[in-house]
Chemist: 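Here it is, the structure, as structure tokens.
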Amino acid sequence: MNRKPTDIVIGAYWGDEGKGKKIDELMQNSSVAVRATGGNNAGHTVVVNGKKYALHLIPTGLLTETIEAAIIGNGVVVDPKVLIKEIEMLKNDGFDVSKLKISSKAHVIFPYHIAMDKLEEELRSGKIGTTARGIGPAYTDKIKRNAIRIGDLYSPNFENKLFEIVNWYNQIFNLYEDEEEIDYDEVKDDYKRMAAELEQYVTETVTLTHNYIKDDKKIVIEGAQATFLDIDHGDYPFVTSSNPTIGGVLTGSGIAWNKINEVYGIMKAYCTRVGEGPFVTEIFDEVADELRELGHEYGTTTGRPRRIGWLDLVMLKHSSNVNGFTGLVLNHLDTIGKLKEMKVCVGYDYNGEMICEYPNEMEIIKNCKPILLEFSGGFDVSGCKTREELPEKAKRFIKFIEDFVNVPVVSIGTGPDREDVINC
Ligand code: IMP
């Protein structure tokens, strides 16, 4: 086999960069799709036969007709209620859901995780702005080694373990007047019923994946969230509780580094963020409103309007260092081209000192001002099918990005549809 089997798609910033479109394209020539990290805090939108599907847990690759397996890997945290709803929706629309495989090692989100996520967010003085899906508490229990994995739902010890955990959580909830206790019997019955529904999909996914690799099948790992939401490499504490960067993706799927072909860094021609946290290039004026409307920048999972800012190349360089991007996918070139002028951040001003590398300390990041270069916009890339056909202004913008981070731009998004892409 010449080509290594696995392509990986990773968000270069804070998510919502348009990973779905690249995944969809790669899936046309791949057999297996894998989700490796995060949970239903992610929202991936795909359009199939004119119908829009927003999937939060099931790999979007399942919607590709030629797929052989859509795997929810060991690194994912699974809310069975959400998963069953997605399965039902896809079944009703005629998709073959039997291709779905869930790792028995994936961790389970329970109602006490969701209640705790909300309570912790309420009690925090500096809000994180979580999606309130129980993600943080579920990963906390995983790291504490006091959690229930998918496989445990079928163990004779399940009820005892659940009873113990529910009791522990209730002792905390009882400290707060407005918190309701978790009803152990209700949760136990609900989860036993859901476990029975899901059992047909549960398996040991690492061996399964490696059997596909042995058979020369191509694999796409669908990254969730993004680099600067990474618990280690993101803007801690304004991050999610998993590692969406390359290391977490490999651990969360059980695929080794020497099986990787391409690592695509997905980015837009500007930046967006949902939730709290630093955003050096953030803009608040009418240009931000214009970009938000032009780019339809509203959250898939929560519907929240996204914060908007200029393209930050200091962050992109950091992101590329951490993930080892082999190619950049630059989305929304059409959107930014509609502005008269566009700006790009090439360094930070920290109290008069120029910083060229993304700082580690939150106190420094919070006080950085962007050093911006202006490019003239006002170009139209719609209908361009090759890089050569692009207007000079667009070419200059792309070349500048490539030279700055020393990674080639390999795909360019020129519009919202599947066909609106230039592969260079
Ligand atoms: P959590 O993942 O729900 O704990 O939220 C932690 C932070 O990550 C919040 O700022 C969320 O808005 C953000 N976040 C989580 N998932 C996504 C995503 O898929 N896209 C963008 N932001 C996300």
Side-chain angles (χ1 to χ4, degrees), residues 9-23 35-46 54-60 72 75-79 82 86 107 109-110 112-124 126-143 221-245 248-249 252 266-268 270-279 282 292 295-309 315 319 331 362 365-366:
V9 173
I10 293 179
Y13 288 90
W14 290 294
D16 310 308
E17 295 98 347
K19 296 183 284 290
K21 199 164 156 183
K22 188 67 189 171
I23 291 166
R35 264 287 302 270
T37 61
N40 59 310
N41 46 350
H44 296 155
T45 312
V46 215
L55 296 182
H56 300 283
L57 270 170
I58 296 183
T60 56
I72 295 181
V76 177
V77 284
V78 177
D79 184 332
V82 175
E86 285 186 6
H107 281 250
I109 296 182
F110 283 86
Y112 45 79
H113 292 132
I114 299 170
M116 186 58 94
D117 198 354
K118 291 176 183 163
L119 175 64
E120 283 178 335
E121 187 71 358
E122 226 174 86
L123 295 176
R124 256 182 217 118
K127 306 268 175 257
I128 292 174
T130 75
T131 57
R133 304 296 199 267
I135 307 296
Y139 277 117
T140 304
D141 280 359
K142 170 177 177 173
I143 298 301
I221 305 188
E222 305 185 3
Q225 289 84 44
T227 303
F228 288 91
L229 290 173
D230 186 284
I231 186 89
D232 286 84
H233 297 291
D235 316 306
Y236 191 92
F238 302 103
V239 289
T240 191
S241 297
S242 62
N243 290 109
T245 49
V249 163
I266 316 295
M267 59 185 288
K268 292 187 274 209
Y270 51 91
C271 289
T272 62
R273 175 167 204 167
V274 290
E276 306 296 321
F279 189 167
E282 186 166 18
R292 185 176 299 109
H296 310 290
E297 296 295 354
Y298 295 89
T300 318
T301 300
T302 57
R304 288 182 281 182
R306 295 179 184 143
R307 298 160 65 192
I308 309 278
M315 291 181 73
S319 188
N331 284 325
M362 184 55 60
I365 301 173
K366 273 195 326 205

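Along the sequence shown, the residues carry numbers beginning at 1. Numbering of ligands and ligand atoms starts at 1, following listing order. No experiment lies behind these values; they were computed from the predicted model shown.
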Chemist: Hey, looking at atom 10 (O) of ligand 1, which of I135, I128, T130 has the closest heavy atom?
Modeler: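 Among I135, I128, T130, the closest heavy atom to atom 10 (O) of ligand 1 comes from I128.
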Chemist: Which one of L229, I231, V77 has a non-hydrogen atom at the shortest distance from atom 8 (O) of ligand 1?
Modeler: L229
Chemist: Enumerate the atoms of ligand 1 whose separation from the nearest heavy atom of W14 is less than 4.0 angstrom.
Modeler: 21 (C), 22 (N)
Chemist: Is a side-chain donor or acceptor of E17 paired with a backbone partner of G15 at a separation under 3.5 angstrom?
Modeler: yes
Chemist: Within the structure, does Q225 bring an N/O atom to less than 3.5 angstrom of an N/O atom in ligand 1?
Modeler: yes
Chemist: Taking both backbone and side-chain atoms of N41, is any N or O found less than 3.5 Å from an N or O belonging to ligand 1?
Modeler: yes
Chemist: Is there a side-chain contact (heavy atoms from CB on, under 4.5 Å) between K268 and E297? Walk through the geometry before answering.
Modeler: CA-CA 11 Å; K268 292 187 274 209; E297 296 295 354; 3.0 Å; yes
Chemist: Would you say T131 and ligand 1 have an N/O pair spaced under 3.5 Å apart?
Modeler: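 Yes.
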Chemist: So is there a nitrogen or oxygen of S241 less than 3.5 Å from a nitrogen or oxygen in ligand 1?
Modeler: no
Chemist: Pull out every atom of ligand 1 sitting under 4.0 Å from any heavy atom of V274, numbered as shown with elements.
Modeler: 10 (O), 12 (O), 21 (C), 22 (N)
Chemist: Under 3.5 Å, side chain of E222 to main-chain N/O of T60, donor-acceptor pair present?
Modeler: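 Between the backbone of T60 and the side chain of E222 there is a qualifying donor-acceptor contact (under 3.5 Å).
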Chemist: Do H107 and D141 get their side chains close enough for a donor-acceptor pair, meaning under 3.5 Å?
Modeler: no
Chemist: Distance under 4.0 Å to a non-hydrogen atom of G129: what atoms of ligand 1 satisfy this?
Modeler: 9 (C), 10 (O), 11 (C), 12 (O)
Chemist: E86 and I58: which non-hydrogen atoms are nearest, and at how many Å?
Modeler: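 Heavy atoms of E86 and I58 come nearest at OE1-N, 3.0 Å.
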Chemist: Just let me know how R304 lines up against ligand 1, side chain, backbone, both or neither, with a heavy-atom cut-off below 4.0 Å.
Modeler: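 For R304, only side-chain atoms sit under 4.0 Å from ligand 1.
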Chemist: Please answer whether the main-chain N or O of N41 pairs with a side-chain N or O of T131 as donor and acceptor at a distance below 3.5 Å.
Modeler: no
Chemist: Return the minimal non-hydrogen interatomic distance between L229 and W14, and the atom names on each side.
Modeler: CD1-O, 3.3 Å
Chemist: Would V239 count as a contact of ligand 1 if the rule is a heavy atom under 4.0 Å away?
Modeler: yes
Chemist: Mind listing the closest non-hydrogen atom pair of T130 and E121 along with its distance?
Modeler: N-OE2, 3.5 Å
Chemist: Can you check whether I109 reaches I135 side chain to side chain, under 4.5 Å on heavy atoms?
Modeler: yes
Chemist: Going by the order shown, which atoms of ligand 1 are within less than 4.0 Å of some heavy atom of A42?
Modeler: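 Close to A42: 19 (O).
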Chemist: Show me which atoms of ligand 1 lie under 4.0 Å from any heavy atom of T240.
Modeler: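 So the atoms of ligand 1 that pass are 1 (P), 2 (O), 6 (C).
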